[in-house]
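Below, each value reflects all heavy atoms present in this structure, side chains not excepted, and no hydrogens, waters or symmetry copies. A note on names: the letters A, B, ... follow the listed sequences, proteins ahead of strands, and every chain is numbered from 1. Please read these numbers as outputs of a predicted model, since none were measured by experiment.
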Amino acid sequence: MTTVPIPEDWPATEEQAHAVQDALRARVILDEPGPPPGQGHVTGVDVAYDDERDVVAAAAVVLDASSLGVVAEATAVGRVSFPYVPGLLAFREIPTVLAALEALPCPPGLVVCDGYGLAHPRRFGLASHLGVLTGLPTIGVAKNPFTFSYDDPGTARGSSSALLAGSEEVGRALRTRDGVKPVFVSVGHRVTLDQACAHTLALTPAYRIPETTRRADALCREALRKTYSA
DNA sequence: GCGACAG
DNA sequence: ATCTTGTCGC
């Protein structure tokens, strides 16, 4: 497999990365409802790292939104394009994730990211960034509340509460399993927060984490492992 | 200035 | 994210 090159114009400093986010943020589309849950394709993307070897592996897994069966998969391997800095995660993952998405044999439909969209210090997290670059509808489903606050949602699956940046609702804490820690959903691009939550529930019939990111997580780890032997 | 901080 | 075995519980 070929190694994904880091773009020539990729930011090298935090200041440059902030400037890119500030410039692209205006292109996020928030007035579209997004695709209906349970129909068409839903694609999960995720990334695994080996900072020692400076290697990153990304995976994109397309599921049938109705059956949650796997329709297609693709992976890509690249060099780590940015250090981990809270708020700048996108610059670490996007080049390789884009390559994996482009390697898919079919349209991805809605893309589900492992992280945040609008719930971000500058309202432009990974999911929004990926959405603007691809034009695809995207949402972010994170495992941790990052710097945001929230009241614990009801104990039943489906319960939710506002994820807050001060008094602004930037996402939602959504319970996907009875009595289990909620996930944190935010809008990426071309999807409404209500629809993002509906999709998340449709993707969690058995586990806390969406089936899309579970599949993508397993696949990118496997791709990273194969990078050692071959 | 010191901590906290998606993955 | 990643380092890492067994173990408690449904």
Is it true that the NZ or CZ of A:Arg92 lies under 6.0 Å from the centre of A:Tyr84's six-membered ring and within 45 degrees of the ring axis?
-> no
Decide yes or no on salt bridge (Lys or Arg N to Asp or Glu O under 4.0 Å) for A:Asp194 and A:Arg172, but give the supporting numbers first.
-> CA-CA 9 Å; A:Asp194 282 334; A:Arg172 212 160 274 165; 2.8 Å; yes
Run the side-chain hydrogen bond (donor to acceptor under 3.5 Å, both in side chains) check on A:Thr204 and A:Arg157 step by step: do they pass?
-> CA-CA 10 Å; A:Thr204 51; A:Arg157 163 179 155 85; 3.0 Å; yes
Side-chain heavy atoms of A:Val55 within contact of A:Tyr49, under 4.5 Å | no
Got a minute to check which stems DNA chain C is part of, using Watson-Crick or G-U wobble pairs under 3.5 Å, three or more consecutive?
-> none
To the nearest angstrom, how far is A:Asp54 atom CG from C:dA1 atom P?
-> 19 Å
What integer distance in Å separates A:Tyr84:OH from C:dT2:P?
-> 13 Å
Of all heavy-atom pairs between A:Leu118 and A:Leu30, which one has the smallest distance, and what is that distance?
-> CD1-CD2, 3.7 Å
Going by chain and number, the hydrophobic cluster around A:Phe148 (ILVMFWY, side chain to side chain under 4.5 Å) further includes A:Tyr116, A:Phe146, A:Tyr150, A:Leu163, A:Val170, A:Phe184
For DNA chain B, stems built from three or more consecutive Watson-Crick or G-U wobble pairs below 3.5 Å | none
Hey, is A:Arg53 close enough to A:Asp50 for a salt bridge, meaning N to O under 4.0 Å?
-> yes
State, to 0.1 Å, how close A:Leu133 and A:Ile94 come at their nearest heavy-atom pair, and which atoms those are.
-> CD1-CG2, 3.7 Å
Give me the ring orientation class for A:His129 and A:Phe124: parallel if the planes are under 30° apart, tilted from 30 to 60°, perpendicular past 60°.
-> tilted
What's the CG-P distance between A:Asp178 and C:dC10, to the nearest Å?
-> 15 Å
Reading DNA chain B 5' to 3', which nucleotide is the first, and which the last, to come under 4.0 Å of any heavy atom in chain A?
-> B:dC5 to B:dG7
Of all heavy-atom pairs between A:Ala100 and A:Ala76, which one has the smallest distance, and what is that distance?
-> N-CB, 3.7 Å
Interface residues of residues 116-143 of chain A with DNA chain B (non-hydrogen, below 4.0 angstrom) | A:Tyr116, A:His120, A:Gly125, A:Leu126, A:Ala142, A:Lys143
In terms of heavy-atom contacts, A:Lys181 and A:Arg208 come closest through O-CD, 2.8 Å
How far apart are the C-alpha atoms of A:Arg25 and A:Asp22, what are their side-chain angles, what is the distance that settles it, and do they pass the salt bridge (Lys or Arg N to Asp or Glu O under 4.0 Å) test?
-> CA-CA 5 Å; A:Arg25 186 176 46 219; A:Asp22 290 336; 3.0 Å; yes
In whole angstrom, what separates A:Arg92's CZ from C:dT2's C1'?
-> 11 Å
Roughly, in whole Å, what's the span from CG in A:Asp46 to C1' in C:dT2?
-> 13 Å
Under 4.0 angstrom, heavy atoms only, what part of the nucleic acid is A:Leu88 near: base, sugar-phosphate, or nothing?
-> base
Under the side chain to side chain donor-acceptor pair (under 3.5 Å) rule, what pairs show up with a residue in residues 28-45 of chain A, not counting sequence neighbours?
-> A:Glu32-A:Arg190
Round to the nearest Å and state the distance from A:Leu224 atom CG to C:dA1 atom P.
-> 12 Å
